[in-house]
Student: 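Please read through the structure below; I'll follow up with questions.
When reading the values below, keep in mind they use all heavy atoms of this one structure, side chains included, and skip hydrogens, waters and symmetry mates.
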Amino acid sequence: GASPSAGGAESGAAEAPPADPVEEIARWHQNRDEMGKSSVVSPFTAVNSWYVDAGATAHLGADASGIRKDPASPMEAMADVTYRDDAFTVAPVAGAKPPTVHPYDDEGEPEAEGADVTAPHKVTEDEAVGLGRDFLEMSPQSGFGRIIAYDPEAPTRKAFTGFKWFPPDPGLAVKATWKPDPAPSEMKVATSRGLEKTFYRAGRFEFEIDGKPEALTGLSDTQKPEPGDGLFVPFQDATTGKETYEVGRYLPARIPKEGDEATLDFNKATNPLCNYSPHYNCPIPPKENRLDVAIRAGEMAYPKP
């Protein structure tokens, strides 16, 4: 941000003028658009995905024509990826260019330079695997292992010019009361690929929109969430399936620390990644997070390519 202007020695430093909330929201939207354009690993670079059974191995090959599983003949770069005990091991294939391991940088992007895999390597959650010009991301998914391939030169990345946003509305950054659940219960949430993901009900945000009381459940990955922890707040509203994506939208939130006020900023509501690409498995908002009101803030439905 801009540094405050310096005042005279006698008057002291002049206070910076209060930020324009509309401008702040517009800048947040613009930053997200820029991330979508620049990101090497995003739904706009995702070109393929595979689900691997526990104990199974995916044989992957890549060359200038693309990346594929179980190629009929040897390809320039090849790797064997095995999924076992909720972890992935990548191994080189004799006679082919080996895969590479790329740690993620501070922006969540794989570093350009990678280390060759010369022996079986257990992939950590802080690493992507390079194969040819593609990057592979691996994650456990409801009993399966999922591999997503990303091509930095994908046509969808080149065609992306920005997300679709409602105009900024500071009135939809609402103050909320956080009601923590003393014993977070387990919740199985259905996903867009017909699977399930496990969360825990951390508590409820209670707020008003247009004078009407509303509430949203905040979901946690852990059974013992603590103040400051991030929450997953998926929701649907009266715009869902019309102006906004048919699955719903996701809202970033944190458990407030003691004495902090909770704010739900619907201007930061974003679409599940499955709106942009078929290669993702997205949780569907539960019934208790369906709002009757229309939330015309945040992201609108993105046009399918």
Side-chain angles (χ1 to χ4, degrees), residues 43 49-56 83-88 108 122-126 137-148 174 176-207 213-237 240-241 244-258 260 262-266 268-275 278-293 295 298:
S49 58
W50 305 278
Y51 282 75
V52 185
D53 291 333
Y83 179 64
R84 184 179 284 113
D85 299 328
D86 294 334
F88 293 86
K122 192 171 182 177
V123 182
T124 73
E125 61 182 17
D126 300 320
E137 272 196 339
M138 305 171 190
S139 62
Q141 299 276 320
S142 307
F144 302 89
R146 183 185 66 187
I147 304 170
I148 300 183
V174 300
T177 302
W178 171 246
K179 298 285 181 72
D181 190 323
S185 58
E186 185 178 284
M187 175 190 276
K188 298 285 189 186
V189 177
T191 71
S192 56
R193 280 186 173 258
L195 302 174
E196 284 185 335
K197 188 166 170 55
T198 301
F199 292 99
Y200 297 91
R201 289 184 179 87
R204 301 270 285 170
F205 288 102
E206 297 179 352
F207 53 98
E214 298 285 356
L216 287 173
T217 297
L219 302 177
S220 172
D221 285 331
T222 172
Q223 199 164 8
K224 294 184 178 178
E226 299 179 353
D229 284 357
L231 293 173
F232 178 52
V233 186
F235 73 96
Q236 294 181 346
D237 66 284
T240 301
T244 60
Y245 184 48
E246 60 193 14
V247 168
R249 291 182 286 170
Y250 298 162
L251 194 60
R254 292 193 174 276
I255 298 177
K257 295 181 178 176
E258 192 172 347
D260 285 358
T263 300
L264 292 180
D265 191 349
F266 287 98
K268 295 181 179 179
T270 57
N271 293 339
L273 299 182
C274 49
N275 183 192
H279 300 300
Y280 289 86
N281 179 37
C282 300
I284 299 168
K287 287 183 180 179
E288 63 199 69
N289 277 10
R290 293 179 185 171
L291 305 176
D292 293 330
V293 294
I295 305 290

Student: Look at atom CD of Glu125 and say whether more than 12 heavy atoms of other residues, nucleotides or ligands are closer to it than 6.0 Å.
Tutor: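 Check fails, neighbour count at 12 or below.
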
Student: Check whether any side-chain heavy atom of Trp178 lies under 4.5 Å from a side-chain heavy atom of Leu231, and answer yes or no.
Tutor: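 Yes, close enough: below the 4.5 Å cut-off.
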
Student: Out of curiosity, Arg290 CZ to Leu216 CG, how far, rounded to the nearest 0.5 Å?
Tutor: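 Reported to 0.5 Å precision, the distance equals 12.5 Å.
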
Student: A side-chain contact here means heavy atoms from C-beta on lying under 4.5 Å apart; do Phe144 and Asp53 qualify?
Tutor: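 Phe144 vs Asp53: side chains touch.
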
Student: Does the side chain of Glu288 come within less than 4.5 Å of Met187's, by heavy atoms?
Tutor: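 Yes; the side chains approach each other to less than 4.5 Å.
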
Student: Assign the ring pair Tyr83 / Phe88 to parallel, tilted or perpendicular, where the plane angle (0 to 90°) is split at 30° and 60°.
Tutor: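 Correct class here is tilted.
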
Student: Return the OH to CG distance between Tyr250 and Asn289, rounded to the nearest 0.5 Å.
Tutor: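 Tyr250 atom OH to Asn289 atom CG measures 11.5 Å (nearest 0.5 Å).
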
Student: Nearest heavy-atom pair of Leu291 and Glu214: which atoms, and what distance?
Tutor: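 Looking at all heavy atoms of both residues, the closest pair is CD2-OE1, 3.5 Å.
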
Student: Would you say the side chain of Phe266 lies within less than 4.5 Å of the side chain of Asp237, judging by non-hydrogen atoms?
Tutor: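 Result no, sub-4.5 Å side-chain heavy-atom pair not found.
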
Student: Measuring only between side-chain heavy atoms, which start at C-beta, is Ile147 closer than 4.5 Å to Ser49?
Tutor: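 Counting from C-beta outward, Ile147 and Ser49 never come under 4.5 Å.
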
Student: Does Arg204, at its CZ atom, have more than 12 non-hydrogen atoms belonging to other residues, nucleotides or ligands within less than 6.0 Å?
Tutor: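 Result for CZ/Arg204: enclosed.
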
Student: What is the distance from atom OG of Ser185 to atom OH of Tyr200, rounded to the nearest 0.5 Å?
Tutor: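 Separation between the atoms: 10.0 Å.
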
Student: List the atom of Ala202, the atom of Ile255, and the distance in Å for their closest heavy-atom pair.
Tutor: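 Here Ala202 and Ile255 meet closest at CB-CD1, 4.5 Å.
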
Student: Working to the nearest 0.5 angstrom, can you tell me the gap between Leu273 CG and Asn271 CG?
Tutor: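 Rounded to the nearest 0.5 Å, the CG-CG separation comes out at 9.0 Å.
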
Student: Do Lys188 and Leu195 have side-chain heavy atoms sitting under 4.5 Å apart?
Tutor: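 No, their side chains stay 4.5 Å or more apart.
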
Student: Under a 3.5 Å threshold, yes or no: a donor from one side chain and an acceptor from the other, between Gln141 and Ser139?
Tutor: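 A pair is found: one side chain offers a donor N or O, the other an acceptor, under 3.5 Å apart.
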
Student: Give the intermediate values and the outcome of side chain to side chain contact (heavy atoms under 4.5 Å, CB included) for residues Asp221 and Phe232.
Tutor: CA-CA 8 Å; Asp221 285 331; Phe232 178 52; over 6 Å; no

Student: Rounded to the nearest 0.5 Å, what separates atom CZ in Phe207 from atom OG1 in Thr263?
Tutor: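 Between Phe207 CZ and Thr263 OG1, I get 12.0 Å after rounding to 0.5 Å.
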
Student: Please name the pair of heavy atoms, one in Leu251 and one in Lys268, separated by the smallest distance, quoted to 0.1 Å.
Tutor: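 So the two residues come closest at CD1-C, 4.4 Å.
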
Student: Once you round to the nearest 0.5 Å, how far does NZ of Lys257 lie from CD of Glu226?
Tutor: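 It is 10.5 Å, given to the nearest 0.5 Å.
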
Student: Could you check if a side-chain atom of Pro225 sits within less than 4.5 angstrom of a side-chain atom of Pro184, using non-hydrogen atoms only?
Tutor: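 In short, these two side chains touch, coming nearer than 4.5 Å.
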
Student: Determine whether a donor-acceptor pair (N or O, by modelled atom type, separation under 3.5 Å) exists between the side chain of Arg254 and the backbone of Ala262.
Tutor: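 Checking the backbone N and O of Ala262 against the side chain of Arg254, no donor-acceptor pair under 3.5 Å is found.
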
Student: Any side-chain heavy atom of Pro234 within less than 4.5 Å of one from Pro286?
Tutor: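 In contact.
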
Student: Could you tell me whether the side chain of Ser192 and the main chain of Cys282 form a donor-acceptor pair under 3.5 Å?
Tutor: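 At least one qualifying donor-acceptor pair exists.
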
